[in-house]
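Chain A is the first sequence line, chain B the second, and so forth, proteins listed ahead of strands; every chain is numbered from 1. All of these numbers come straight from a predicted model, not from anything done at the bench. Worth knowing before you read on, the calculation uses all heavy atoms, side chains too, and leaves out hydrogens, waters and symmetry mates.
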There are 2 protein chains.
Amino acid sequence: MFVSTTTNGIDAKGRVSVPADFRATVSGQGFPGIYVWRSFNGPFLEGGGQRLLEDYSDAIEDLDPYDPARTAFERVIFGGAKALSFDSTGRVSLPKEFLDHAGLDKQAVFIGMGKRFEIWDPTAHAEQQVDDLSFARDNKSALRRPSRRRGDEA
Amino acid sequence: MFVSTTTNGIDAKGRVSVPADFRATVSGQGFPGIYVWRSFNGPFLEGGGQRLLEDYSDAIEDLDPYDPARTAFERVIFGGAKALSFDSTGRVSLPKEFLDHAGLDKQAVFIGMGKRFEIWDPTAHAEQQVDDLSFARDNKSALRRPSRRRGDEA
DNA sequence: GGGTTAACTATGGGATAACATGGGAAAGCA
DNA sequence: TGCTTTCCCATGTTATCCCATAGTTAACCC
């Protein structure tokens, strides 16, 4: 599970350390690195480990072959994602198109989202966080009812 | 279940012993430690074990993948939490931002809240307790009827 | 029952390892 | 060849591991 928020520096070569917690989360998933793509919901990146991509693949296979949503997801996620492997110290180097899309410059904010994570520019993130916090405060009742635990469905 | 209230010391390194009862509660949940986050209801911390986070995750997954509410909750809940693992004697070290948010200094009060727990500064807790007591006195009728047990929703 | 042991708890401090980061050298690609 | 990317080593800081102590509770046994 990806949790917590970490800000790391981007060096002159475009390299950034992936938070150690995140590296631990994807370790043992096969590919020693992360998959990252440009979000279609705003100026930030989304990413996860190999298992996440496999989950998306399974979900997409449940859709009709020519469902427009299916081809859109295929193009955006599989076509737009890039496999970034860790170097020996746990860094990845972000392609220029990704830096541009997210407005990244000197620093990158990694936000754990449970099954996946997001990468933001610090300034953009600070603005977004204000909205998210007030939204969560105002709507927390939507989560108030404990959901059924896994295995209790039957 | 997290019950009872315990006050433990915070040492110069920011370490604090998690009450043994609480450690027993989360043992066997997978992650050997606790998840802690800054409450957005006041100057204190909230926390729980891995199972609690999974409950939140399940509740969030009932929403549509790109529902704005869903991403907001994911950012606030998972992004705001931190996984703190126990050392060999059952301590965790609280990040500075957490100490600041809760006004923690020399001591931390762990309060069992059933499925989760709270961490307060002793002074702030004493003040809050006065309010809680009078509120409980005024609203005791609300507790008369037992609530449904988990799994009885249907 | 009284007294002793043994386990566990909370805490302190020093040594050690891990993390994020910078720079240079080698290897790929045009 | 010129440029970019990947690999490898070096560094300072921070966190974490590991030991030791002391007080408390529980267990035990004569």
Under 3.5 Å donor-acceptor, H101(B) side chain and S39(B) backbone: yes
Walking along DNA chain D from 5' to 3', note the first and the last nucleotide with an atom under 4.0 Å from a heavy atom of chain A, and give both. dT6(D) to dC9(D)
Outermost DNA chain C nucleotides near chain B [under 4.0 Å, heavy atoms]: dT9(C) to dG14(C)
Which is true for [X] with a 4.0 Å heavy-atom rule: it touches a base, it touches only sugar-phosphate, or it touches nothing?
X	answer
V18(A)	sugar-phosphate
D11(A)	sugar-phosphate
S17(A)	base
T89(B)	base

When F110(B) is tested against each of P19(B), S17(B), S4(B) for side chain to side chain contact (heavy atoms under 4.5 Å, CB included), which residue passes? P19(B)
Is the NZ or CZ atom of R75(B) both under 6.0 Å from the centre of the six-membered ring of F44(A) and within 45° of that ring's axis? yes
ILVMFWY network linking L52(B) to I77(B), side-chain heavy atoms under 4.5 angstrom: yes
If two hydrophobic side chains count as joined below 4.5 Å and joins carry through other members, does L45(B) share a cluster with F2(B)? yes
How close do N8(B) and T6(B) get, heavy atom to heavy atom, and via which atoms? OD1-CG2, 3.9 Å
So do the side chains of F22(A) and I34(A) get within less than 4.5 Å of each other, counting heavy atoms only? no
In terms of the angle between their ring planes, are H125(B) and W120(B) parallel, tilted or perpendicular, with boundaries placed at 30° and 60°? tilted
